[in-house]
Amino acid sequence: MTRRDLLWALAAGANFSPFAAHAQQPIGYRDYAKCLPDAIRMLAADAYQRRNAEIRKLTTAAAIHARQKWARETFWKIAGAMPDRTPLNVRTTGAFERERYRVEKLLYETRPEEWIGADLYIPKNGTAPFPGVLFHMGHSANGKAADTYQRCCQGLAQLGFLVLAFDPMGQGERVNYPGPDGRTRLASVDTEHTQPGIQMLLVGETATGMQTWDAIRSLDVLAAHPLVDPKRLASTGQSGGATVTMMLAAVDDRLACAAVSSGNTENFACANFHPPGSTDDAEQNFIGSGPLGFDRWDLLWPIAPKPLLILTSGHDFFGTYSPNYEDNGLEEYARLQTAYQLLERPDSLHRFESPLPHGLSYVMRLETYRWLARWLQDGRKIDQEPPVAPEPDRMLWATESGSVIRDLKSRTPFQSTRERARAIQTPSPPADLRSLLGMEPAPGRPRLRELSRAPSRDCEIIAVEIPSSQRVWVPAWIFMPKQTATRLLIIVEPNGRNTAWGEGGLYQRLAVEGAAVCVPDLRGIGDLRPEYSPGAPGYTGEHEDEDNYAWASLILGRSLLGQRVTDLLAVMEALGASEWGGRPMLAARGQLTIPALCAAALAPQVDALYLADHLLSWRSLLETEMYRYPLANFVPNVLRSTDLPEIAASLAPRKITIAHILDGAGQPVPVQDARRAYAGSHIELRDQAAWDAAALLRF
């Protein structure tokens, strides 16, 4: 008996009447909004426990060294293979003098035809060789020209450090989606990272790998400078730039010191996890890291016991990052502190916290200066920042117009990813879809639970639910005709099962025509949309959407697409074991056509398939810069295993009707063009996306 049933029984007993014996029992709907969060929460808990078990084993220096090696290798496994070093082709395009330092403007290629604009701050005081500092930008639209970043670079140069500051992807002179004014035409700098980062997933690459490679090659430039001491190299940066510093620290032994200022020092899988978790822009979401027991703090283990400063803003746990930012950071810092003690260098690790909001404020810069001077210079006392005066953006440009795309025809991440995709020959037979989609092992046979029945004018509506996986129940309507059903039709809608349930609606019209119609919600859809988690509204509101749950699912090794396919398969299994069993036909539209296609490929009992507004192929998403498609249906490295036409071909001889095929930009593909991809005789293509009783009965 549920708590609700118990309360109902008590209420009935307290208000006894002659009709009490006939009182209707409560229907017993669950709080379905908890299902997807609970599923993600359990995966995160498993990842958290798995990693904790390994960290607890690090009780000797030898164990720590083994963990460091593992962390480096695992990072590259997650980020994608490290590219080959190619000529940097460094060129100096200009310079200007200031009283205590000189700035040289540089261009160099991290990969062939992929250019970076950078500024080199060279001290005028002191004696070469100087310690070198690689400075990484946070998410500033103008990249290296941002006010506080200039202040820090100028301050470091006046204190005797030679500093290289470079534009990250999508920022400053590297805006990849420029509008007429040269600024990004996308929603934000974060989107400049994530828009191409999502496309990279389809070919097995990541924005994580790209950002890290840019940092490695920039360190190559800095280390090779004749005025730099290559044994005294440091990395620092703010916010996203601090996170890139963490990535560089994980993979490059040349660093002698690092200072991480307001980086993403929160593990994704942590205690008191609030779904969807601390998802961020593309390079900070480590795909598949959860099952491996790898998380963001593992980036900092390989640099131990070299000097490492971690600066945080106490304001960040509600002002910028997730509610767990501070708590998890303290927990993980204590673990790393123990490692430094075991490696007999406890003084080489330090944490500083500012009460101020997220930003490279004066106090954060001052602490950075002190740390780098302590370990790379003579450790002199620094009481204040040298006089600084940020320059106009144009003064720091290494290109004429402020754009490596306009001036150098630099390849964008989209162009590079498209080129790599064109070199991939997708195999004809589909791969193991369950493994590819990260689906959980099939549970015991699910059983349909009837909740209630309600008569309608021309049919009966039955409320049911089906257990799909642990703590996930799929709610569904079944519309039963008054006469004997002649067919069983399963329909999935992007807006959920309540889209057209009413009198005169599509589902009841289908029942009038003799079809038993089952309309379930799938995870994240309809009544299974997730509830809001605790946290500051600015953070929580931005994160409670499908994309963030899709990122969380990919991080934890279970794609949202795979979870929805799991739900659909559970519905089919449960229906097959019920009084409404039989060979169902499956109809889907919009973004749910891909889960439907994959489910049909895994469920031979599906008799026929109808897809309206269906994506032509995953490959088509790499043929358009401004693709329009939800992350929920992206699958890492999928093109090396299969594509949508190949999955459709595998269903032969079962009939598939595809009404209205769309390309990656969301534009219609004429039937004659789509036929080249969908060539099977069992596939019927239609120009119009009809979604009415006539169309759904006809297929």
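As the structure is a prediction and not an experimental result, all values here were calculated from the model.
- A salt bridge links Arg351 to Glu353: at least one charged side-chain nitrogen sits closer than 4.0 Å to a carboxylate oxygen.
- With salt bridges taken as basic N to acidic carboxylate O contacts below 4.0 Å, none links Lys124 and Glu99.
- Residues Leu233 and Val228 have side chains in contact (heavy-atom distance under 4.5 Å, counting atoms from C-beta outward).
- Salt-bridge annotation for Asp220 and Arg254: present, with a side-chain N of the basic residue lying under 4.0 Å from a carboxylate O of the acidic one.
- Taking the centre of each ring, Tyr549 and His543 stay at or above the 6.0 Å mark.
- The residue from Trp297, Tyr333, Tyr325, Tyr321 that alone fulfils the side-chain hydrogen bond (donor to acceptor under 3.5 Å, both in side chains) condition with Thr265 is Tyr325.
- Applying the salt bridge (charged side-chain N to carboxylate O under 4.0 Å, His left out) criterion to Asp545, with sequence neighbours excluded, gives no partner residue.
- A salt bridge is absent between Lys231 and Asp229: the closest approach of a Lys/Arg side-chain nitrogen to an acidic carboxylate oxygen does not fall below 4.0 angstrom.
- Salt-bridge formation is detected for the pair Glu385/Arg365: a Lys NZ or Arg NE/NH1/NH2 atom is positioned less than 4.0 Å from an Asp or Glu carboxylate oxygen.
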Residue pair Arg296, Glu332: steps toward the salt bridge (charged side-chain N to carboxylate O under 4.0 Å, His left out) verdict: CA-CA 10 Å; Arg296 293 183 184 125; Glu332 292 298 330; over 6 Å; no

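- Comment: Arg50 does not engage Glu54 in a salt bridge, judged by the lack of any side-chain N to carboxylate O separation of less than 4.0 angstrom.
- A donor-acceptor pair under 3.5 Å is absent between the side-chain atoms of Arg91 and the main chain of Leu107, judged by distance alone.
- With hydrogens and angles disregarded, no donor-acceptor distance shorter than 3.5 Å links the side chain of Glu205 to the backbone of Met200.
- Within the 6.0 Å centre-distance limit, the rings of Tyr149 and Phe135 are counted as a close aromatic pair.
- No donor-acceptor pair closer than 3.5 Å links the side chain of Thr92 to the backbone N or O of Gly94.
- Side-chain atoms of Glu367 never come within 3.5 Å of backbone atoms of Leu311 as a donor-acceptor pair (strictly under, hydrogens ignored).
- Counting heavy atoms from C-beta outward, Pro413 and Met169 have side chains that approach closer than 4.5 Å.
- Taking the side chain as every heavy atom from C-beta outward, Leu120 and Val103 never approach each other to under 4.5 Å.
- Side-chain atoms of Asn548 come within 3.5 Å of backbone N or O of Glu542 as a donor-acceptor pair.
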Verdict with supporting geometry, Glu109 and Leu88, side chain to side chain contact (heavy atoms under 4.5 Å, CB included): CA-CA 5 Å; Glu109 294 174 281; Leu88 286 161; 5.9 Å; no

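- Between Asp46 and Arg51 no salt bridge is recorded (no basic side-chain N to carboxylate O distance below 4.0 Å).
- Contact check on Lys77 versus Glu73 returns no salt bridge, with no Lys/Arg side-chain nitrogen under 4.0 Å from an Asp/Glu carboxylate oxygen.
- Across Phe130 and Asn125, no two heavy atoms sit closer than the pair CE2-O, 3.5 Å.
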Audit row: Asp167, Lys144, salt bridge (charged side-chain N to carboxylate O under 4.0 Å, His left out) steps and yes/no: CA-CA 6 Å; Asp167 282 329; Lys144 61 187 180 300; 2.6 Å; yes

